[in-house]
Amino acid sequence: MPAPAVQARRDMGSGTMPVNGRRRRGAIALAVLAMVAIYRLRSTGEGLGWLNLEYLVTALIGGGLLWLHNERAHGVQRRIQSIWFRRAAGLAFLAWPLIMNGITRSVERGAGAEIIALAILAGLAFISAAWGATRRMIGISVVASGFMTLFVTCISDHSAAIWFAILWAAGCLWWLITNHWERISTCAASRVEYQRWWRPATVVIGMGMALGVGWGVSGRWRETRGKLWEIMPTSGGHRWQDAAARSGVGDGDAVVAAREHAASFAPIESDLFLESEDPSLFDLYSDAFGEPAKRKRYEQAVSLSPEQLLHSHQRIARSEQSSQSISTDRKPSPVQRPLEDRKSLALFHWIGRAGVSLAVERFNEFDGVDWHVGSSQGILRPATQHVDGDRHWYGQIHDTEVSPFVGAVPEAIKFVRFRSPVIPTPAGVRLWHVAKVDRGDFFAVNADDCLHMPGREHVPDDTIVRLVNSEIDRERIDSVPGQRVKWSDVASIIDDLRSHYTFDRAADPPQESASPLEHFYQTRRGSDLMFATAASERLRALELRTRLVTGFYVSPERRDGMTGETAILDVDTHAWVEVKWGEDWIPLEPTPGFMQPSYRVSLFYRLRQAAGSIALALMASALMFAVIWRYRVGMLVWLADGLWYLARGLPDRRRVKLLFKLLELRACWSGKARPIGVVPRSWCLSLFASQESGTLTEIGRFFDEADRIWFGGSSGLSPCGHERFKQVWRGLMRWPFREQ
Amino acid sequence: MDSKPPSRDMRGISALRDHLNGVLLGKADKVELVLACLLARGHLLLDDLPGLGKTTLAKAIAACLGGRFGRIQCTPDLLPTDVTGFTLFNQKTREFEFHPGPVFSDILLADEVNRTTPRTQSALFEAMAERQVTIDGQSRPLARAFFVIATQNPIDSHGAYPLPEAQLDRFAMRLEIGYPDVEAQMLMLAAACEPPRDMEVAEGMLSLEGLESLQDATVRVRVAPAIQQYMVALANASRTHESVLLGISPRGMLIWQRVAQGWATLQGRDFVTPEDVQAVARPVLSVRLVVRGGGADRVIESLLDSIPVPTYQ
């Protein structure tokens, strides 16, 4: 056993010294700052309601964790400080972002996996700061929170994010100085004089220097701009022009930056120059094209004279020595990734919500077999122009107070190969914009609300169309005036089709079938066209106006999670139905396997709906709880009796433990919890002091038996102990504690 | 080995308890603690005002056990040899003869121990701790049941030599007997009106051999690990308590455990419970804790309240 001083020095060196409050509080504050920075980052891309709910619960659990860690805890606080409870609370704190993400993904779009990982890491930093028993744990927490704050600052698009990094740096500097100043000062100086102003002045000077350096390297001067790129090499991700970014080489940041350039929007595999079978410079760096072929020297030397061969060898040797050779002759890749988009007849990329359907054609009339375009659908309506800075937006904004289409969702399409003049758009498109196009007659809206490029054979390749779409507000659907049919009836028709019929694209009706719809109802199987037709017919039976829509489905399976882009191919053609609801056409998705249109739903609406649907269950639950509360003592006694019999197989020691816990629980419910410093016998005798002496004697024997098992090493109760134990214990459980 | 003491000895200690309760009226709780101290082979410091029965209690114990009783009236001119004994050259036999001091007794009453000089106090305390004395280079063991009851008067401190903390740690416990209640005082007055009679030893009273047997049995009383953890937690808490200047030493913890074992023996048990630890905590800890501004009892209460008692979990 080392001497205390030696042990203390070892502890200090190994970082296992106990942690003082100031050090812990500082680390907690830095971890909280990191969590706030992550919140700021997430608030730009996620629904604020859910995010606020997540952080509110996180704050509550975090506060509970700090409260649990109080070493001077007493009463209830002390009782729930058990290691299992603390583990459960810590696990809940860490798992909560994951759980919330699952919930938000089911109703909205949620967050990316890397963002959730950041949130969990921030939680770990917080727990390490709150519960860390050693200085090393606190140090790890500070490093983790610093990493996250700086990382979030780097990836954030918002310029104000830099303030998180500045705040964290200032806080960390202060934390370091307050916790390590003595060690530094006593090590470095022969005499130490403490002055009150010196530490804050050091923080201010340090921060000033850091800000100055940051200001210098943040692109203010041309020289530092280049240096910064060397420090953080990137092919994009910033607003400066970069040749590599413009040509779309790379991924991640490169793709983000390259969106500004038409030729680089969308994944590189689909870019135009890949349409050529000839190798390009890019192919040399692509794994898809394999390694350079190593040919034997004599194969190359067949047609060369000895002088030429010698000269060639010397040249090749010099080139290989300096690593400047590159071969266009390459071995075929062992695994060729199938590029299905190259074979597709239609190809365009969509950046925006997954699971939406993009309309190309709409049909109004159905003759029992075929759908036809209505007579008025040939009319083109010109688009109105809106200028926003140097961008010309076109669209048809006709907001009304009763329209279910609300909000503005920025989305975009890049056409790679599309042989139609119609621009596929989701329902509720409001504005569109193509770079450098400032002519209103470039676009027109058909009477079926499809967006056209009139006078063109098809949408030009490489065209990027930026869209501002709107979402459907579920509450507004209910409040549209003049509707005799309830939306729930519409929804039940769709639900019936989605749940009782099977989607099969190959299930065409036989040629001799007079009515494909009848065949669909009989076989309960069909293509999306049949689902849309059936839904339309049923809705028309309710005297609702409907129309069939064909277009493309943005398949979530093909969505690139990193970039948020989805390649749309000819296999994504899809048919669905729209219903006239008030002045607007609302899309409906009757085909199973395709996502239903997402509705914007407020939390209040959800709660109201839930309250309506589960009101009965709530009332029943309330009644049940009231009954349980009224007869809680009796039920507890029954439970205790039952447990006594059920626990007969257990050793007496375990039975005593189980029953004493129940007794304590019973007293705790009655507000007579045992103080931690009072032995059970004294506690019980004080509770029942007004009882007869015989009862008190029995209680004393009850605890004699328990003590003998637990502290006396006895293997079990005495022969007469079982009955006595049971009787006394049942009496204790039945006793009205509250009245004492 | 069976840790249960013989029933004869248990009856003997019960008779001793009854007798002492008859001598020291209305102080059954104090008598119980004294007996626990006796079974734990500890030494007792009675710290109280004059005339409260300290000497009477010591004499009654000695009389009941039937052992040798020694008494030292501590004064400033008392010498160490007056306590331990001395060697004298006998002119007739032409040999050195050892004349044992009062420490060579079974029950030793050191009255007003704070009145004698530190030098003499040290001689006494060494004998208490080592249970032997060394005179002229020869070690002489004391009686196996050697039990010291020291008294001191908290008032009238002029000319007194307060016992240092290191010496106090030699005592197992400190007791304040306190004034008897009204009923006990009435009984005392009534008994004083009767003719004086010699102190009679009842039949079946605990003998010195019986006491040693009980003391051996006390050593074997079981202390569960949970109980020991509880004691360690209390000791650690005493060392970090904001009001405590000097906490419980490891030696103090050992004595505390032994007294708790003695208390358990008195209750007829062969195992220690948390109640035993708490029952003897105040007299055992009050002799050891050095508390800022006094009030050791208050600190002990707060320690016992703040550390969770081991229960059936």
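Just so we're on the same page: letters track the sequence lines, and every chain starts at 1. Below, all heavy atoms of this structure are taken into account, side chains as well, without hydrogens, waters or symmetry copies.
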Smallest separation among heavy atoms of A:Val679 and B:Pro274, with atom names: CG1-CB, 3.7 Å
Minimal non-hydrogen separation, A:Pro680 against B:Thr311, with atom names: CG-CG2, 3.6 Å
A:Phe711 and B:Tyr312 aromatic ring geometry - parallel, tilted or perpendicular at 30°/60° bounds: tilted
B:Lys30 NZ: over 12 foreign heavy atoms closer than 6.0 Å: yes
A:Arg654, CZ atom: more than 12 neighbouring heavy atoms under 6.0 Å: no
Contact class of A:Arg653 relative to chain B, heavy atoms under 4.5 angstrom: neither
Closest heavy-atom pair and its distance - B:Glu275, A:Ser682: OE2-OG, 3.9 Å
B:Thr273 and A:Arg681: CA distance, side-chain angles, deciding distance, side chain to side chain contact (heavy atoms under 4.5 Å, CB included) verdict: CA-CA 11 Å; B:Thr273 67; A:Arg681 182 197 304 263; 5.7 Å; no
Side chain / backbone / both / neither for B:Val272 at chain A, heavy atoms under 4.5 Å: backbone
Side chain / backbone / both / neither for B:Ile307 at chain A, heavy atoms under 4.5 Å: backbone
